[in-house]
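Encoded as structure tokens, the structure appears first; notes follow it.
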Amino acid sequence: MHYWLLKSEPDAFSIDDLVAAPKQSTCWDGVRNYQVRNFMRDQMQVNDQAFFYHSSCAQPGIAGVVTISRAAYPDPTQFDRKHDHYDAASKCDDPRWLMIDVKLQRKFKRIITLDELRRHQEQELKQLLILKRGNRLSITPVEASEWRFIINLE
DNA sequence: GCCAACGTTGGC
DNA sequence: GCCAACGTTGGC
């Protein structure tokens with residue numbers, strides 16, 4: 001059992017979009033980074049839990065919790081010529097890019113803001129990758145102890 | 001295999 | 001819109 005943090009730009013897909021989605025579930029497509037793909041392929045398991053983080057927006061922060069509802073499988077957008085994430089070099093019989101499915105567990109009553117997380121950066125959240133300089137990965141692992149600490153901030 | 005150029009991310 | 005950080009690309 002692992003814990004994760006998934007970034008999403010709310011302009012593209014927000015926690016409220018997930019609340020409103022059929023079965024409150026969505027596929028997490030569009031990952032085009034090898035490190036992130038490998039996290040999905042090698043470590044993510046069904047029933048893992050993840051924070052749903054809003055990035056590139058007025059109030060960046062954690063908006064809720066989702067569960068991984070389907071393990072890694074090929075991302076069909078890589079084969080769609082018209083899609084932004086089309087990858088001409090990926091072969092159907094050897095797909096380069098994977099995705100997972102996630103399901104809403106709970107929308108937080110409030111956003112746990114990046115600002116608030118930063119206030120604990122020197123203590124409880126030393127390891128939290130989202131707080132490290134230059135981190136751009138759209139999926140990052142979260143330590144169990146840090147997961148519990150953040151859950152209790154709500 | 002090196003590394004400069006370029007593209008993307010994401011907070012501010 | 002700016003810019004720091006980082007990943008990828010491609011010439012050599």
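To find a chain, count down the sequence lines: A is the first, B the second, and so on, and within it residues start at 1.
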**Report entry** NE2 on A/His54 to CG on A/Leu6, rounded to 0.5 Å
**Finding:** 11.5 Å
Query - A/Tyr34 OH - C/dT8 P separation (whole Å) - result: 7 Å
Report task. Could you state the atom-to-atom distance from CG of A/Asn135 to P of B/dT8 in whole Å? Result -> 18 Å
Report task. Please determine, for the side chain of A/Arg136, which listed nucleotide (B/dC12, B/dT8, B/dG10) has the closest atom? Result -> B/dT8
Query - Nearest listed nucleotide, side chain of A/Arg118, among B/dG10, B/dG11, C/dG7 - result: B/dG11
Report task. State the CZ-CD distance between A/Arg119 and A/Gln121, to the nearest 0.5 angstrom. Result -> 12.5 Å
Requested in this report: Grab the CZ-P distance between A/Arg32 and B/dT8 for me, whole Å please.
Outcome: 14 Å
Report summary line: To the nearest angstrom, the CH2-C1' distance between A/Trp97 and C/dG7 comes to 11 Å
Query raised in the report: Can you tell me how far the CG atom of A/Leu128 sits from the OG1 atom of A/Thr140, to the nearest 0.5 Å?
Result: 6.5 Å
Report task. Using atom CG of A/Leu131 as one end and atom P of B/dC12 as the other, report the distance to the nearest whole Å. Result -> 10 Å
Report task. Tell me whether A/Val102 is reachable from A/Leu137 by hopping between hydrophobic residues (I, L, V, M, F, W, Y) whose side-chain heavy atoms are closer than 4.5 Å. Result -> yes
Requested in this report: Would you indicate, yes or no, if B/dT9 has its OP1 or OP2 atom less than 4.0 angstrom from a side-chain nitrogen or oxygen of A/Tyr53?
Outcome: no
Query - Rounded interatomic separation in angstrom, taking CG from A/Asn33 and C1' from B/dG7 - result: 14 Å
Report task. Provide, to the nearest angstrom, the distance between the CD atom belonging to A/Glu9 and the C1' atom belonging to B/dG11. Result -> 12 Å
Query raised in the report: Would you say a side-chain N or O of A/Lys7 is under 4.0 Å from OP1 or OP2 of B/dT9?
Result: no
Query raised in the report: Rounded to whole angstrom units, what separation is found between the CD atom of A/Gln35 and the P atom of B/dT9?
Result: 15 Å
